[in-house]
Amino acid sequence: MEGEIIKSEDILSYPISSLKGIGAVREKLFKKLGIFTVRDLINHFPRDYEDRSKLVKIKDLKDEEAAAFIGTVASRVKVLHYGNTKYLTIQKVEVSDETGKASVIWFNQPYLKNVFKIREKYFFYGRVKRSKNSIEIQNPIYEKIGEALDQNTDHEQLKKISRIMPVYPTTSGLTQTVIRTAVEESLNLVEGYLYDPLPYYIREKYKLAEYSFSIYNIHFPCNNEALKTARKRLAFQELFLLQLGLLSVKMTFMEDKKGIILSKGELTQKLINSLPYKLTNAQLRVFNEISKDMESGKVMNRLVQGDVGSGKTVVAVLSLVKAVENGYQGVLMVPTSILAEQHYQTITNMLKDYNIKVGILTGNLKGKEKTKILQQIKRGEIDIIIGTHALIQDAVEYHNVGLVITDEQHRFGVRQRLLLSQKGENPHMLVMTATPIPRTLALILYGDLDISIINEMPPGRMKVKTYAVNNRMRERINNFIRKSVSEGRQVYIVCPLIEDSENIDAKSSVTLAEDIAKKDFKDLRVGLLHGKLKPSEKEAIMKEFAEGKIDILVSTSVIEVGIDVPNATLMIIENAERFGLSQLHQLRGRVGRGKEQSYCILYNESNSKIARERMKVMVKSNDGFVIADKDLRLRGPGEFFGTRQHGLPELKIANLYQDAELLKEAQNVAKAVIEDDPKLMKEENTLLKKMIDEMFRQKIDEVSMN
Ligand code: ADP
Ligand code: MG
């Protein structure tokens, strides 16, 4: 088999230019679709199908449905004109079968005049327009069929045309016929050389179709049943490999799994009692779940999901304190230095009456200061360490890490999280995210994490009132800004760009900040915050804003994650059409954090359906889970789960909505396989290992939800 596999590899790697009919021009077009080899072609799955397999009688043709039928030409081709130039023409021909008559029409295809001859038989497939007294088929595909044929479905020629046809994703200049032919040729080429990556024992157990059958039938299904079977098998394979890949990454990081046993202690209860507010039931419940994990003797692996503003920070702090009172260090990693600084302030403040030392480590620290803090961390003189990616650098050594937390987990990759946990000996692990992740995606990304949900907001929060507006409202909105500031509140204005761009017509923070500081709001204190500023500058600005020294903070989406300034009650988003739904929700989450009524204004200049749809969702809903769900639906799983966003291999066929059940199954199988053969060294798993290595060739480092 070894040699055969090598041969199969060879064939699969043939460049598509080795196929008939693919020269330089078409090769280039295929490359645009990411298709370079025969392997790419057979993995270029149809986006849809046309069912040309069922032959319908003319009398049974239904309005607005695409249908296939055989008709005998009953008239010459008539040419009609429409519009007011002589170039716009309609070609019309009458056809019939034993049950009735229909007109077949095409637009602007003058050459058809000489194609059809009376009494010839044709196969047609096209969309039907049916009214009381007429049946019309518009722009059908057609093919002449032999005289002898009397609707005999075994007829060879008919079998070729009257079948379920794939419709491929394509690019302009590349017709469906060209793609179909290329795929078909590739399939012929690899016939007998496609080895099944799923071991027989798995296929058998889960009643999955064989690989080559599935590949063939996903492109050219013999019938609908075969298509279903093929699709299921391929979707399973995709989800299974993805899961197996993620699990095997995990395995290389965590081999031994004995957890540190922490005791109950008293400090956390004391802290809970001394807080200026009462924890919500949801916060208490989640902290309880965390405590149980940490006392259990197993390594905690928990994901905490809670909408923006639900109060995740305090839950993190309690968990950190629990580690500290048991004599361990606790580490909190966040995606931006602004957020690290903010957490540092909050936490230091919360723990000021406790004998707990809090430190911060970000990329901004240099020289002596950095050396000093690194030493303190190593010696165990700092108990709680807050920081950015700097926390996982090689140079950082910890004394004894008992708990690692990543906040805003969606900004981190799987590997970063694992690297952080490697800094200790099987420390407990907590990941927090404000971006509500659809359940299915959480399953994929976090595999066997336990999930806790903070599904309750602190009391007294009012729904952020949200309005979608356009430029004509600017005067009124400006007055509203002025009014808010005069009442002592603060305002964010978020722009999509940092600086003006020649290519993109959207507001930039730099220009807008300059403009309003000179004109509309020259009497107010305007600040500017964006990603290109030096870290120290960013921190200074955020600090001023938090202290109320800035009235209006013009910013980019850098303020998207985590920032907590309860006195800010107005969020203005310029060119809101340029942000995704989940991002808009995150941005809006920067206000509505205090007791005052807060507002969010979305400037939308786009008329696109999707933009308007997004604004509608935002205006209507304040619930992050609902919004994430809508986001997923509006963007479609392809884009939402695309490689770019997550660093995960792209799902080509599985659909996380429809295939949630399949995903669970795939996940169970993957777990079983890894338990049985952690390094995939067994003979029967050889091909599996190879597929995974291929799938994850793009760096696993980048796996994240960003
Ligand atoms: P997020 O979940 O978005 O990280 P934060 O932890 O930043 O939310 O909390 C948002 C705000 O709510 C903070 O100002 C915090 O002090 C406050 N907060 C948290 N828990 C409660 C509570 N139980 N009651 C009242 N306010 C709370
Ligand atoms: Mg937070």
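Every number for a ligand or one of its atoms is a count from 1 in the order of the listing. Residue numbers run from 1 in the order of the sequence given.
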Backbone N or O of Leu553 within a donor-acceptor pair of the Arg525 side chain at under 3.5 Å? no

Identify, by atom number and element, the atoms of ligand 1 in contact range of Leu279, meaning under 4.0 Å from any of its heavy atoms. 23 (N)

Quick check for you: to the nearest 0.5 Å, what is the distance between Tyr599 atom OH and Arg489 atom CZ? 11.0 Å

If you take the nearest heavy atom of each of Leu339, Asp307, Asp564, Ile454, which one is closest to atom 14 (O) of ligand 1? Asp564

Using a 3.5 Å distance criterion without hydrogens, assess whether the side chain of Lys423 forms a donor-acceptor pair with backbone atoms of Gln393. yes

Within a distance under 4.0 Å of any heavy atom of Thr280, pick out the atoms of ligand 1 and give their elements. 23 (N)

Residue Thr313 vicinity, atoms of ligand 1 by number, heavy atom under 4.0 Å: 4 (O), 5 (P), 6 (O), 7 (O)

Is there at least one pair of N or O atoms, one from Gly306 and one from ligand 1, spaced under 3.5 Å apart? no

Indicate, as side chain, backbone, both or neither, the part of Met350 found under 4.0 angstrom from ligand 1 when only non-hydrogen atoms are considered. neither

Polar side-chain atom of Glu547 near backbone of Glu544 as donor-acceptor pair, under 3.5 Å: no

Quick one: which of Lys312, Lys595, Arg593 has a heavy atom closest to atom 7 (O) of ligand 1? Arg593

Any Ser310 heavy atom less than 4.0 Å from ligand 1: yes

Verify the distance criterion only: is there a donor paired with an acceptor across the side chains of Asn326 and Ser263 at less than 3.5 Å? yes

All side-chain contact (heavy atoms from CB on, under 4.5 Å) counterparts of Ala540, not counting sequence neighbours: none

Give a yes or no answer on whether the side chain of Asn567 reaches the backbone of Gly488 with a donor-acceptor pair at less than 3.5 Å. yes

Val308: numbered ligand 1 atoms lying under 4.0 Å from its heavy atoms: 3 (O)

Between Pro458, Pro459, Pro566, flag the one that comes closest to atom 26 (N) of ligand 1 by a heavy atom. Pro458

What do you reckon, does Gly309 have a nitrogen or oxygen under 3.5 Å from a nitrogen or oxygen of ligand 1? yes

Which is it for Asp293 and His428 under the side chain to side chain donor-acceptor pair (under 3.5 Å) test, yes or no, and what are the steps along the way? CA-CA 8 Å; Asp293 282 357; His428 293 294; over 6 Å; no

Where ligand 1 meets Lys278 - atom numbers and elements under 4.0 angstrom, heavy-atom basis: 22 (C), 23 (N), 24 (N)

Heavy atom of Arg461, distance to ligand 1 below 4.0 Å: yes

Would you say the side-chain atoms of Asn604 pair up with the backbone N or O of Ala576, donor to acceptor, closer than 3.5 Å? no

